[in-house]
Amino acid sequence: MIAKKTFFIATTAALTGLVMMPSAGAETLKIGALPAADAIVLYVASDEGLFKAEGLDVEVVPFKSALELGAAMRAGRLAGHFGDLMNVFTQNEKGVPQAVILTTTHTHADQRAFGLAVSPKAVDTIKTLDDLKATPSAMSSATIIDYLLDRMEETEKLDKTAIEKLEVKQIPIRLQMLMSGKVETAVLPEPLVSVVEAKGGRVIWDDRKLNEALAVVALKKEYLDGKTVDGFRRAVAGAAKLIESDPTKFRAVMVEKRLLPKPVAADYKMVRFSMFGTADGLPPLPSETDVKRVGEWMIEKGMIKAVPAYADIIVTP
């Protein structure tokens with residue numbers, strides 16, 4: 001079981017409230033990130049010095065696909081990652097012990113995080129879910145996209161033949177294929193869903209009616225000490241507050257980090273984190289129900305052999 005340790009550091013700096021800076025020899029924690037809207041919170045925590053203020057040296061490393069990110073985790077190139085529960089469970093089963101320390105995206109009625117987008121080339125023929133008839137959909141198997149397609153089928157009672165899954169691992173290529181009409185639909189994260197809409201596409205389903213954590217940050221077991229976990233959470237919570245206090249400024253940062261195309265930035269509704277009433281202002285951690293649902297889905301897909309114990313996979317405050 002992963003237990004959260006409490007540390008008391010009786011130093012003059014701590015007592016006087018001075019900022020704790022990383023030592024010259026401190027290890028750089030490389031955190032892999034995918035191109036989704038909520039990844040901005042990691043970049044802001046790094047660029048605004050919030051990790052450093054917690055004594056952590058963090059580098060955010062961008063990846064184009066969950067497959068590439070997972071390979072980097074297994075190769076020992078990363079200390080942790082921004083992604084989904086599927087990647088966390090898979091990595092644990094493949095011998096890279098890790099646990100979730102915070103959530104960046106939890107479904108909410110007032111904020112879309114993922115949506116099934118229709119290509120601008122197909123909006124005349126696909127207007128609702130009822131128009132899906134063995135319709136190709138660009139996706140990546142064994143990821144949150146695959147999971148959400150199945151959740152959509154389940155919650156909307158769609159016929160299993162409504163969607164024909166087309167494997168396209170890299171998110172940017174998935175978007176390009178959708179916009180060019182090479183594929184008619186795709187489940188995409190924000191802000192890409194908004195990009196498709198702005199360029200003439202249509203969204204016919206999104207995650208707002210679900211109730212679960214969708215995107216998380218996990219650290220490898222060797223970094224799950226109290227100082228690192230607590231400091232990481234405080235830094236990201238501080239970044240979330242900064243983003244919400246000045247969305248215009250950080251919308252520009254999203255463009256800079258290639259999370260948001262400049263032509264549609266002005267009209268993009270900035271991602272929010274604080275709608276849940278939690279003590280730190282971040283979305284709630286995955287629940288035991290979330291872990292069980294995702295784990296059972298993965299077992300059915302042949303991805304893992306057993307649902308991990310909640311206490312082994314989620315680090316609670």
Side-chain angles (χ1 to χ4, degrees), residues 36-38 66 84-86 89 103 105-168 171 174-175 177-179 181-216 269 271 275-276 283-284 286-303 307:
D38 47 328
D84 53 51
L85 286 176
M86 296 84 192
F89 293 5
T103 299
T105 291
H106 191 289
T107 56
H108 193 280
D110 294 334
Q111 179 167 277
R112 178 177 69 192
F114 290 85
L116 179 65
V118 177
S119 169
K121 309 281 189 184
V123 291
D124 290 339
T125 55
I126 303 176
K127 299 179 180 179
T128 71
L129 291 174
D130 292 336
D131 296 320
L132 301 174
K133 310 290 182 186
T135 304
S137 187
M139 50 78 71
S140 178
S141 59
T143 68
I144 188 67
I145 301 302
D146 193 5
Y147 172 77
L148 284 173
L149 279 168
D150 284 357
R151 286 286 279 150
M152 180 184 72
E153 287 181 351
E154 174 192 351
T155 57
E156 300 294 334
K157 297 179 171 49
L158 286 184
D159 190 284
K160 292 289 185 183
T161 62
I163 289 285
E164 180 185 327
K165 295 179 179 180
L166 178 64
E167 189 75 33
V168 182
I171 296 172
R174 215 177 299 158
L175 177 63
M177 290 180 66
L178 185 73
M179 297 307 297
K182 290 181 179 178
V183 67
E184 293 174 282
T185 69
V187 172
L188 295 168
E190 284 289 5
L192 301 184
V193 182
S194 291
V195 169
V196 175
E197 280 186 319
K199 294 190 175 183
R202 174 183 290 122
V203 177
I204 58 174
W205 177 86
D206 63 48
D207 62 352
R208 284 178 288 186
K209 291 182 181 179
L210 302 180
N211 179 27
E212 54 193 288
L214 296 181
V216 298
K269 186 178 179 181
V271 60
M275 306 100 73
F276 303 92
S287 66
E288 292 192 45
T289 299
D290 293 339
V291 168
K292 182 180 178 183
R293 184 193 299 113
V294 171
E296 289 178 347
W297 177 83
M298 293 180 71
I299 290 172
E300 186 180 330
K301 295 280 186 178
M303 296 164 61
V307 178

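No experiment lies behind these values; they were computed from the predicted model shown.
- Closest approach of K292 and V307 over heavy atoms only: CA-CG1, 4.1 Å.
- Across all non-hydrogen atoms, the minimal contact from H106 to A213 is CD2-N, 3.4 Å.
- Within the 4.5 Å cutoff, the side chain of T105 has no heavy atoms near those of the V271 side chain.
- When all heavy atoms of T143 and A66 are compared, the pair lying nearest together is CG2-CB, 3.9 Å.
- Residues that satisfy the side-chain hydrogen bond (donor to acceptor under 3.5 Å, both in side chains) test with R293, not counting sequence neighbours, are E212, D290.
- L148 CG to L188 CG: the interatomic distance, rounded to the nearest 0.5 Å, is 11.0 Å.
- Checked against side chain to side chain contact (heavy atoms under 4.5 Å, CB included), E167 has the following partners two or more places apart in sequence or in another chain: M139, S140, S141, K169.
- Annotation: the span from H108 atom NE2 to L214 atom CG amounts to 13.0 Å, rounded to 0.5 Å.
- K165 pairs by the salt bridge (Lys or Arg N to Asp or Glu O under 4.0 Å) definition with D146, D150, not counting sequence neighbours.
- Residue pairs meeting the salt bridge (Lys or Arg N to Asp or Glu O under 4.0 Å) criterion with at least one partner in residues 185-210, sequence neighbours excluded, are R112-E190, R112-E197, D206-R208.
- Sorted by first and then second residue, the ring pair (Phe, Tyr, Trp, His ring centres under 6.0 Å) pairs involving residues 194-214 (not counting sequence neighbours) form an empty list.
- Every salt bridge (Lys or Arg N to Asp or Glu O under 4.0 Å) that E153 has, sequence neighbours left out, goes to K160.
- Closest heavy-atom contact between P284 and F276: CD-CG, 3.5 Å.
- Evaluation of the side chain to side chain donor-acceptor pair (under 3.5 Å) test over residues 117-138, restricted to residues two or more places apart or in two chains, returns S137-T185.
- Applying the side-chain hydrogen bond (donor to acceptor under 3.5 Å, both in side chains) test to E184 and every residue at least two apart in sequence or in another chain returns nothing.
- In this structure, CD on Q111 lies 4.0 Å from CE on M275, to the nearest 0.5 angstrom.
- Take E300 and apply the side-chain hydrogen bond (donor to acceptor under 3.5 Å, both in side chains) test, not counting sequence neighbours, and it matches no residue.
- A heavy-atom distance below 4.5 Å is found between the side chains of T103 and P286.
- Y147 meets the ring pair (Phe, Tyr, Trp, His ring centres under 6.0 Å) test with W297; sequence neighbours excluded.
- The two residues V187 and L116 come nearest to each other via the heavy atoms CG2-CD1, 3.7 Å.
- At distances below 3.5 Å, at least one donor-acceptor pair connects side-chain atoms of R174 with backbone N or O atoms of V168.
- Considering every non-hydrogen atom in both G115 and V193, the closest pair reads N-CG2, 3.7 Å.
- Of the residues V118, L175, V203, the one that meets the side-chain contact (heavy atoms from CB on, under 4.5 Å) test with V196 is L175.
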Handout entry: Test side-chain contact (heavy atoms from CB on, under 4.5 Å) applied to L178 and L192, step by step
Key = CA-CA 11 Å; L178 185 73; L192 301 184; over 6 Å; no
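- Here D84 pairs with nothing under the side-chain hydrogen bond (donor to acceptor under 3.5 Å, both in side chains) rule; sequence neighbours left out.
- Sorted by first and then second residue, the ring pair (Phe, Tyr, Trp, His ring centres under 6.0 Å) pairs involving residues 111-134 (not counting sequence neighbours) form an empty list.
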